[in-house]
Amino acid sequence: MQHSGHTGAHETPGRWHILGAGRIGTLAACYLQRAGAETIVVRPGPAHTRRVSLVFDRETTSATKKLELTVKPATDCGPITLLLVACKTPYTEAALARLPLTDSATVVRLQNGLGSLDSRLKPGQRLIEGVTASAVMSQTEDTLRVVAENATTFGGGPRPTWFDGLAEHWPGLAWAADIRPVQWRKLVVNAALNPLTAIHDVPNGALLERPDLRAEMTTLIDEADTVLARLDQSWPANSHASVADVVRATAGNTSSMRADIHAGAITEIAAINGWLLQRAEELGLDLPAHRRIVARVHALEPK
Ligand SMILES: NC(=O)c1ccc[n+]([C@@H]2O[C@H](COP(=O)([O-])OP(=O)(O)OC[C@H]3O[C@@H](n4cnc5c(N)ncnc54)[C@H](OP(=O)(O)O)[C@@H]3O)[C@@H](O)[C@H]2O)c1
């Protein structure tokens with residue numbers, strides 16, 4: 001079978017609107033354009049064309065891709081049938097409220113954390129959840145560095161018709177009918193790694209090197225596993241090794257929450273540890289380590 005993307009066996013992914021074309025949203029826009037999709041970034045302010053360079057780090061070489069992004073405000077972006085949400089979680093609700101989504105729109109949420117779009121869509125609209133282990137950093141104002149192109153999973157229910165055409169041009173993109181285990185694995189990693197590195201202002205690797213941080217991390221993982229196992233008895237509740245693998249693989253890196261605190265920005269703690277606390281409260285469980293760490297991160301955020 002021939003796979004040409006634009007004209008071959010798979011459907012072209014169509015017209016996509018993107019909410020949050022920052023680091024990860026711009027990488028997604030690059031893959032969408034490669035797959036032949038039209039991309040429109042929705043952002044407040046005047047319509048314009050944004051030019052951005054993506055520098056791809058590869059083992060033996062690095063390649064640069066120049067991208068042109070059409071940017072339009074919500075009032076002028078046309079009806080939205082396919083939306084990729086890649087803004088940071090605290091801004092999602094307000095940004096989504098202004099968008100002209102059609103009654104049968106599909107929304108792909110490519111964010112860390114959970115729950116930022118729960119109960120925000122109408123009954124006929126579809127939410128697809130995305131989880132990515134890729135990493136993109138800002139290099140200059142109009143240059144992004146793609147540090148890692150790792151596995152990305154979209155999922156929840158049946159595979160949409162546009163998916164295979166997109167997957168052909170998005171390295172490591174796979175579909176999971178049941179996305180929840182993939183989301184929960186990432187959630188536990190984020191819930192342990194992000195707040196500790198932000199509060200102690202350390203690179204990821206310190207969580208295994210320093211006994212005090214290792215102990216805090218162990219408690220956070222145990223509490224997260226406890227609540228997830230109560231939500232789903234099939235949850236293996238043994239996340240220590242998988243978190244340690246991520247810490248080792250990213251030992252020299254600055255976590256996104258540490259970077260947010262350095263930048264004086266609101267963090268995604270509410271969608272990560274806060275989501276676990278909400279589920280725990282519904283179940284009548286207390287998660288003292290998560291409760292304390294959420295308060296400590298909030299204390300570091302801008303007022
Ligand atoms: N970066 C990574 O490597 C990576 C990896 C895995 C997961 N993630 C997740 O992906 C999500 C996005 O992260 P990121 O690093 O890409 O963040 P980012 O670089 O800060 O990008 C967020 C973008 O959202 C835009 N935005 C904010 N409010 C908006 C609004 N009301 N309307 C339209 N656009 C708005 C921002 O625009 P302005 O800056 O112009 O305000 C910015 O371009 C997060 O949940 C993060 O945890 C990121």
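- A distance of 8.5 Å separates OG1 of Thr102 from NZ of Lys122, quoted to the nearest 0.5 Å.
- Note: the hydrophobic cluster containing Ile266 does not contain Ile272 (ILVMFWY, side chain heavy atoms under 4.5 Å, direct or indirect links).
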Show your reasoning for whether side-chain contact (heavy atoms from CB on, under 4.5 Å) applies to Leu96 and Leu121. CA-CA 9 Å; Leu96 191 82; Leu121 302 183; 4.1 Å; yes
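- Here the side chain of Gln33 pairs a donor or acceptor atom with the backbone of Glu68 at under 3.5 angstrom.
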When you look at His240 and Asp222, which way does the side-chain contact (heavy atoms from CB on, under 4.5 Å) test go after all the steps? CA-CA 8 Å; His240 294 283; Asp222 283 339; 2.7 Å; yes
Using residues 192-208 as the side-chain source, report each donor-acceptor pair under 3.5 Å to any protein atom, sequence neighbours left out, with the distance given to one decimal.
residue, atom, partner, partner atom, Å
Asn194, OD1, Ser255, OG, 3.4
Asn194, OD1, Ser256, OG, 3.4
Asn194, OD1, Met257, N, 3.2
Asn194, ND2, Asn190, OD1, 3.2
Thr197, OG1, Leu193, O, 2.8
Thr197, OG1, Asn194, O, 3.0
Thr197, OG1, Ser255, OG, 2.7
His200, NE2, Glu216, OE2, 3.0
Asp201, OD1, Arg258, NE, 2.8
Asp201, OD1, Arg258, NH2, 3.3
Asp201, OD1, His262, NE2, 2.6
Asn204, ND2, Thr250, O, 3.4
Asn204, ND2, Thr250, OG1, 2.9

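- Put simply, the side chain of Thr26 gets close to the backbone of Ala21: a donor and an acceptor are under 3.5 Å apart.
- One finds the CG atom of Leu19 at 5.5 Å from the CG atom of Leu99 (value rounded to the nearest 0.5 Å).
- Residue Arg180 qualifies as enclosed at atom CZ: its count of foreign heavy atoms under 6.0 Å is above 12.
- Taking 4.5 Å as the limit, some side-chain heavy atom of Glu301 sits within range of a side-chain heavy atom of Ile261.
- For the atom pair CG of Asp103 and OG1 of Thr81, the computed distance is 12.0 Å after rounding to the nearest 0.5 Å.
- No donor-acceptor distance shorter than 3.5 angstrom exists from the side chain of His169 to the backbone of Leu32, with no hydrogens or angles considered.
- If you take CD1 on Ile24 and OG1 on Thr152, they are separated by 7.0 Å, rounding to the nearest 0.5 Å.
- Looking at Thr89 and Gln111, their side chains never bring a donor and an acceptor atom within 3.5 Å of each other.
- Taking 4.5 Å as the limit, every side-chain heavy atom of Gln125 sits out of range of all side-chain heavy atoms of Ser104.
- Taken together through direct or relayed side-chain contacts under 4.5 Å among Ile, Leu, Val, Met, Phe, Trp and Tyr, Val131 and Trp184 form parts of separate hydrophobic clusters.
- Among all heavy-atom pairs drawn from Ser239 and Ile221, the shortest one is CB-CG2, 3.8 Å.
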For Asp164 and Trp175, what are the C-alpha separation, side-chain angles and deciding distance, and is it a side-chain contact (heavy atoms from CB on, under 4.5 Å)? CA-CA 9 Å; Asp164 288 347; Trp175 183 265; over 6 Å; no
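- Side chains of Asp260 and Thr267: a donor-acceptor N/O pair is absent below 3.5 angstrom, by distance only.
- In this structure, His17 contributes its side chain and Cys77 its backbone to a donor-acceptor pair below 3.5 Å.
- In this structure, Val55 and Gln139 approach most closely via the heavy-atom pair CG2-NE2, 4.4 Å.
- Pairing each heavy atom of Ala265 with each of Pro302, the nearest pair is O-CD, 3.6 Å.
- In this structure, Arg43 has no side chain to side chain donor-acceptor pair (under 3.5 Å) partners at least two apart in sequence or on a different chain.
- Using a distance-only test at 3.5 Å, with no hydrogens or angles considered, a donor-acceptor pair links the side chain of Lys186 to the main chain of Thr132.
- Between the Glu223 side chain and the Ala289 main chain, a donor and an acceptor come within less than 3.5 Å of each other.
- Hydrophobic clustering, with ILVMFWY side chains joined whenever heavy atoms are under 4.5 angstrom apart, groups Trp235 together with Leu220.
- A cation-pi geometry, defined here as NZ or CZ lying under 6.0 Å from the six-membered ring centre and within 45° of its normal, holds between Arg34 and Phe56.
- If you take NE2 on His290 and CG on Leu285, they are separated by 11.5 Å, rounding to the nearest 0.5 Å.
- One hydrophobic cluster holds both Leu276 and Val243 under the rule that ILVMFWY side chains link at heavy-atom gaps under 4.5 Å.
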Walk me through it: do Asp57 and Arg145 pass the test salt bridge (charged side-chain N to carboxylate O under 4.0 Å, His left out)? CA-CA 7 Å; Asp57 279 10; Arg145 210 179 119 211; 2.7 Å; yes
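- In terms of the side chain to side chain donor-acceptor pair (under 3.5 Å) criterion, residue partners of Arg15 (sequence neighbours excluded) are, by chain and number, Glu38.
- Using a 4.5 Å cut-off between side-chain heavy atoms of Ile, Leu, Val, Met, Phe, Trp and Tyr, with links allowed through other members, Leu300 and Val294 fall into the same hydrophobic cluster.
- Expressed to the nearest 0.5 Å, how far CD1 of Ile128 lies from CD1 of Ile179 amounts to 10.0 Å.
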